[in-house]
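To keep things clear, I will list the structure first and then write my remarks on it.
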Amino acid sequence: TIQGQLTFSEFEQYTYSARTLFTAMIQNKLVIPDWTEFTNKIELLYKEYALPEHNTGSPAPEFYPRGKLPTDDPWAIAVCTVDGQQFSIGDVDHEYPIMGTCKPFLYCLARGLHGEEITHQHVGYEQPPTGNNITKIDLNSKDRPHNPMINSGAIMCSSLIHGERSINYRTSCVMEMWR
(Lines give C-alpha, C1' and ligand atoms only; values in the text may rest on other atoms or scores of the structure.)
Protein backbone atom coordinates (compact mmCIF):
# COMPACT_ATOMS: atom_id res chain seq x y z
CA THR A 1 0.00 0.00 0.00
CA ILE A 2 0.97 3.60 -0.49
CA GLN A 3 1.73 5.22 2.86
CA GLY A 4 -1.51 6.53 4.39
CA GLN A 5 -3.78 4.64 1.97
CA LEU A 6 -5.61 1.37 2.48
CA THR A 7 -6.13 -1.32 -0.07
CA PHE A 8 -9.73 -2.39 -0.60
CA SER A 9 -8.95 -5.63 1.25
CA GLU A 10 -7.57 -3.70 4.25
CA PHE A 11 -10.56 -1.33 4.24
CA GLU A 12 -12.90 -4.31 4.19
CA GLN A 13 -11.02 -5.94 7.06
CA TYR A 14 -11.09 -2.82 9.25
CA THR A 15 -14.73 -1.96 8.60
CA TYR A 16 -16.24 -5.46 8.64
CA SER A 17 -17.58 -5.18 12.20
CA ALA A 18 -19.41 -1.96 11.27
CA ARG A 19 -20.61 -3.08 7.85
CA THR A 20 -24.29 -2.50 8.68
CA LEU A 21 -23.54 1.09 9.66
CA PHE A 22 -21.43 1.70 6.54
CA THR A 23 -24.11 0.19 4.29
CA ALA A 24 -26.78 2.40 5.85
CA MET A 25 -24.52 5.45 5.46
CA ILE A 26 -23.79 4.73 1.81
CA GLN A 27 -27.46 4.11 1.05
CA ASN A 28 -28.53 7.18 3.09
CA LYS A 29 -30.77 5.00 5.25
CA LEU A 30 -29.54 5.92 8.72
CA VAL A 31 -32.16 6.17 11.46
CA ILE A 32 -31.24 9.86 11.80
CA PRO A 33 -30.17 10.98 8.33
CA ASP A 34 -29.08 14.51 9.31
CA TRP A 35 -26.83 13.56 12.20
CA THR A 36 -25.15 16.97 12.39
CA GLU A 37 -28.49 18.76 12.79
CA PHE A 38 -29.57 16.22 15.41
CA THR A 39 -26.36 16.52 17.46
CA ASN A 40 -26.57 20.34 17.26
CA LYS A 41 -30.02 20.10 18.88
CA ILE A 42 -28.65 17.76 21.55
CA GLU A 43 -25.85 20.26 22.26
CA LEU A 44 -28.41 23.06 22.66
CA LEU A 45 -30.41 20.92 25.12
CA TYR A 46 -27.25 20.07 26.99
CA LYS A 47 -26.28 23.73 27.32
CA GLU A 48 -29.81 24.81 28.28
CA TYR A 49 -30.19 22.22 31.03
CA ALA A 50 -26.65 22.73 32.30
CA LEU A 51 -27.63 26.24 33.36
CA PRO A 52 -27.78 26.90 37.14
CA GLU A 53 -31.57 27.36 37.17
CA HIS A 54 -31.99 23.75 36.07
CA ASN A 55 -29.66 22.43 38.75
CA THR A 56 -31.91 21.66 41.69
CA GLY A 57 -28.97 20.98 43.97
CA SER A 58 -30.88 18.09 45.46
CA PRO A 59 -28.74 15.49 47.20
CA ALA A 60 -28.34 12.00 45.83
CA PRO A 61 -31.08 9.65 47.03
CA GLU A 62 -30.15 7.76 50.18
CA PHE A 63 -30.57 4.38 48.50
CA TYR A 64 -27.57 4.95 46.18
CA PRO A 65 -24.45 3.15 47.39
CA ARG A 66 -22.22 5.41 49.47
CA GLY A 67 -19.17 6.65 47.62
CA LYS A 68 -20.55 5.70 44.21
CA LEU A 69 -21.64 9.16 43.13
CA PRO A 70 -19.22 12.00 42.46
CA THR A 71 -19.46 14.93 44.83
CA ASP A 72 -19.87 17.55 42.11
CA ASP A 73 -22.83 17.86 39.75
CA PRO A 74 -21.93 15.89 36.62
CA TRP A 75 -24.12 16.43 33.59
CA ALA A 76 -23.94 14.54 30.33
CA ILE A 77 -26.05 13.32 27.44
CA ALA A 78 -25.17 10.26 25.37
CA VAL A 79 -27.06 8.94 22.36
CA CYS A 80 -26.58 5.72 20.44
CA THR A 81 -29.02 4.87 17.67
CA VAL A 82 -29.97 1.33 16.72
CA ASP A 83 -27.77 1.58 13.66
CA GLY A 84 -24.68 2.66 15.59
CA GLN A 85 -24.58 6.46 15.34
CA GLN A 86 -23.06 7.74 18.58
CA PHE A 87 -22.77 11.13 20.22
CA SER A 88 -21.95 12.26 23.73
CA ILE A 89 -21.36 15.58 25.42
CA GLY A 90 -20.46 16.65 28.94
CA ASP A 91 -19.16 14.65 31.88
CA VAL A 92 -19.39 11.32 30.09
CA ASP A 93 -16.42 9.81 31.94
CA HIS A 94 -18.13 9.98 35.35
CA GLU A 95 -19.25 6.64 36.70
CA TYR A 96 -22.72 6.41 38.18
CA PRO A 97 -24.93 3.64 39.53
CA ILE A 98 -27.05 2.26 36.75
CA MET A 99 -29.95 1.50 39.09
CA GLY A 100 -31.65 4.77 38.23
CA THR A 101 -31.67 4.15 34.50
CA CYS A 102 -32.15 0.40 34.30
CA LYS A 103 -35.94 0.34 34.75
CA PRO A 104 -37.00 0.97 31.13
CA PHE A 105 -34.47 -1.58 29.90
CA LEU A 106 -35.66 -4.28 32.30
CA TYR A 107 -39.24 -3.55 31.28
CA CYS A 108 -38.35 -3.84 27.58
CA LEU A 109 -36.52 -7.09 28.19
CA ALA A 110 -39.47 -8.55 30.11
CA ARG A 111 -41.89 -7.43 27.38
CA GLY A 112 -39.61 -8.85 24.72
CA LEU A 113 -39.62 -12.22 26.45
CA HIS A 114 -43.31 -12.37 27.42
CA GLY A 115 -45.23 -9.74 25.48
CA GLU A 116 -47.34 -6.91 26.83
CA GLU A 117 -50.26 -8.95 28.14
CA ILE A 118 -48.27 -11.38 30.29
CA THR A 119 -45.88 -8.67 31.53
CA HIS A 120 -48.81 -6.55 32.68
CA GLN A 121 -50.32 -9.47 34.54
CA HIS A 122 -47.40 -8.86 36.93
CA VAL A 123 -46.85 -5.09 36.82
CA GLY A 124 -49.37 -2.28 36.34
CA TYR A 125 -49.56 0.66 33.95
CA GLU A 126 -50.43 3.55 36.27
CA GLN A 127 -51.53 6.15 33.75
CA PRO A 128 -50.68 8.86 34.50
CA PRO A 129 -47.95 8.14 37.06
CA THR A 130 -48.77 9.51 40.48
CA GLY A 131 -45.30 10.77 41.24
CA ASN A 132 -45.13 8.69 44.41
CA ASN A 133 -41.75 7.91 45.90
CA ILE A 134 -40.09 5.38 43.58
CA THR A 135 -38.61 3.49 46.53
CA LYS A 136 -41.93 2.93 48.29
CA ILE A 137 -43.19 -0.65 48.11
CA ASP A 138 -46.78 0.08 47.19
CA LEU A 139 -49.13 -2.13 45.18
CA ASN A 140 -52.16 -1.23 43.11
CA SER A 141 -55.67 -2.63 43.60
CA LYS A 142 -54.64 -5.81 41.72
CA ASP A 143 -51.67 -6.38 44.10
CA ARG A 144 -49.15 -5.39 41.43
CA PRO A 145 -46.51 -2.66 41.45
CA HIS A 146 -48.06 0.47 39.96
CA ASN A 147 -45.73 0.60 36.96
CA PRO A 148 -42.38 -0.74 35.71
CA MET A 149 -40.59 2.58 36.31
CA ILE A 150 -40.65 2.38 40.11
CA ASN A 151 -38.35 0.12 42.10
CA SER A 152 -40.98 -2.50 42.91
CA GLY A 153 -41.98 -2.58 39.23
CA ALA A 154 -38.36 -3.02 38.14
CA ILE A 155 -37.95 -5.84 40.66
CA MET A 156 -41.05 -7.52 39.23
CA CYS A 157 -39.77 -7.09 35.67
CA SER A 158 -36.46 -8.62 36.75
CA SER A 159 -38.30 -11.64 38.09
CA LEU A 160 -39.85 -12.14 34.64
CA ILE A 161 -36.46 -12.45 32.96
CA HIS A 162 -36.02 -16.21 32.65
CA GLY A 163 -37.39 -16.69 36.18
CA GLU A 164 -37.21 -20.45 35.83
CA ARG A 165 -33.46 -20.44 35.13
CA SER A 166 -30.45 -20.12 37.44
CA ILE A 167 -29.44 -16.74 38.83
CA ASN A 168 -26.19 -16.96 36.84
CA TYR A 169 -28.08 -17.44 33.58
CA ARG A 170 -30.51 -14.63 34.39
CA THR A 171 -27.69 -12.27 35.33
CA SER A 172 -25.84 -13.06 32.10
CA CYS A 173 -28.99 -12.24 30.09
CA VAL A 174 -29.31 -8.85 31.76
CA MET A 175 -25.59 -8.15 31.39
CA GLU A 176 -25.75 -9.08 27.70
CA MET A 177 -28.52 -6.52 27.26
CA TRP A 178 -26.14 -3.81 28.55
CA ARG A 179 -23.29 -4.78 26.24
Side-chain angles (χ1 to χ4, degrees), residues 20-21 24 29-35 38-39 41-42 44-46 48-49 54-56 58-66 68-70 73-92 94-179:
T20 304
L21 177 60
K29 293 183 179 177
L30 293 170
V31 171
I32 301 174
D34 192 342
W35 186 247
F38 176 78
T39 58
K41 289 178 181 178
I42 296 294
L44 288 173
L45 287 171
Y46 171 81
E48 178 182 342
Y49 286 94
H54 292 290
N55 182 350
T56 62
S58 58
E62 290 183 25
F63 55 84
Y64 278 105
R66 298 283 179 234
K68 293 295 183 185
L69 287 175
D73 292 319
W75 169 232
I77 298 176
V79 177
C80 180
T81 65
V82 294
D83 55 15
Q85 295 167 285
Q86 297 180 22
F87 175 76
S88 60
I89 185 170
D91 301 313
V92 295
H94 278 270
E95 293 184 4
Y96 71 98
I98 198 165
M99 59 197 279
T101 55
C102 70
K103 295 171 186 77
F105 297 99
L106 293 171
Y107 173 61
C108 288
L109 187 53
R111 279 213 31 195
L113 291 169
H114 301 288
E116 181 178 5
E117 184 178 335
I118 291 175
T119 301
H120 285 287
Q121 288 174 5
H122 300 276
V123 65
Y125 288 98
E126 189 188 25
Q127 296 178 345
T130 62
N132 288 339
N133 184 334
I134 65 167
T135 63
K136 184 177 180 186
I137 303 296
D138 192 17
L139 303 178
N140 65 19
S141 62
K142 296 180 180 178
D143 288 331
R144 299 177 190 149
H146 288 278
N147 71 61
M149 301 305 141
I150 60 175
N151 288 355
S152 57
I155 292 167
M156 182 57 73
C157 287
S158 295
S159 74
L160 295 173
I161 299 168
H162 299 292
E164 72 287 353
R165 303 290 296 266
S166 73
I167 191 69
N168 288 341
Y169 181 83
R170 297 172 70 205
T171 301
S172 68
C173 288
V174 172
M175 292 303 295
E176 187 59 33
M177 171 189 67
W178 287 103
R179 288 189 180 99

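Residue numbers start at 1 and run along the sequence shown.
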What pairs of residues pass the salt bridge (Lys or Arg N to Asp or Glu O under 4.0 Å) test when at least one of them lies in residues 107-117, not counting sequence neighbours?
-> Arg111-Glu116
For residues 157-173, pull every pair meeting salt bridge (Lys or Arg N to Asp or Glu O under 4.0 Å), keeping only residues two or more places apart or in separate chains.
-> none
What residues form a side-chain hydrogen bond (donor to acceptor under 3.5 Å, both in side chains) with [X], not counting sequence neighbours?
| X | value |
| --- | --- |
| Arg144 | none |
| Thr81 | Asp83, Gln85 |
| His120 | Tyr107 |
| Lys29 | none |

Closest heavy-atom pair, Cys157 versus Val123, reported as atoms and distance to 0.1 Å, is SG-CG1, 4.2 Å
Closest non-hydrogen atoms of Ile161 and Cys173, given as atom of the first, atom of the second and distance, are CG2-CB, 4.4 Å
For [X], what residues pass the side-chain contact (heavy atoms from CB on, under 4.5 Å) criterion, not counting sequence neighbours?
| X | answer |
| --- | --- |
| Ile155 | none |
| Val92 | Ala76, Ser88 |
| Ser166 | Asn168, Tyr169 |

Is there a side-chain contact between [X] and [Y] (heavy atoms, below 4.5 Å)?
| X | Y | answer |
| --- | --- | --- |
| Pro145 | Leu139 | yes |
| Leu113 | His162 | yes |
| Tyr49 | Leu44 | no |
| Cys102 | Trp178 | yes |

Check against side-chain contact (heavy atoms from CB on, under 4.5 Å), Leu109 and Phe105 | CA-CA 6 Å; Leu109 187 53; Phe105 297 99; over 6 Å; no
Do Ser159 and Met156 pass the side-chain contact (heavy atoms from CB on, under 4.5 Å) test, and can you show the C-alpha distance, the side-chain angles, and the key distance before you say yes or no?
-> CA-CA 5 Å; Ser159 74; Met156 182 57 73; 3.4 Å; yes
Verdict with reasoning, Ile150 to Lys103, per side-chain contact (heavy atoms from CB on, under 4.5 Å) = CA-CA 7 Å; Ile150 60 175; Lys103 295 171 186 77; 5.6 Å; no
For the side chain of His122 and the backbone of Leu160, is there at least one donor-acceptor N/O pair under 3.5 Å apart?
-> no
Residues two or more places apart in sequence or in another chain: which of them pass ring-ring contact (aromatic ring centres under 6.0 Å, His included) with Phe87?
-> none
Can you measure from CD1 (Ile77) to CG (Asp91) and round to the nearest 0.5 angstrom?
-> 11.5 Å
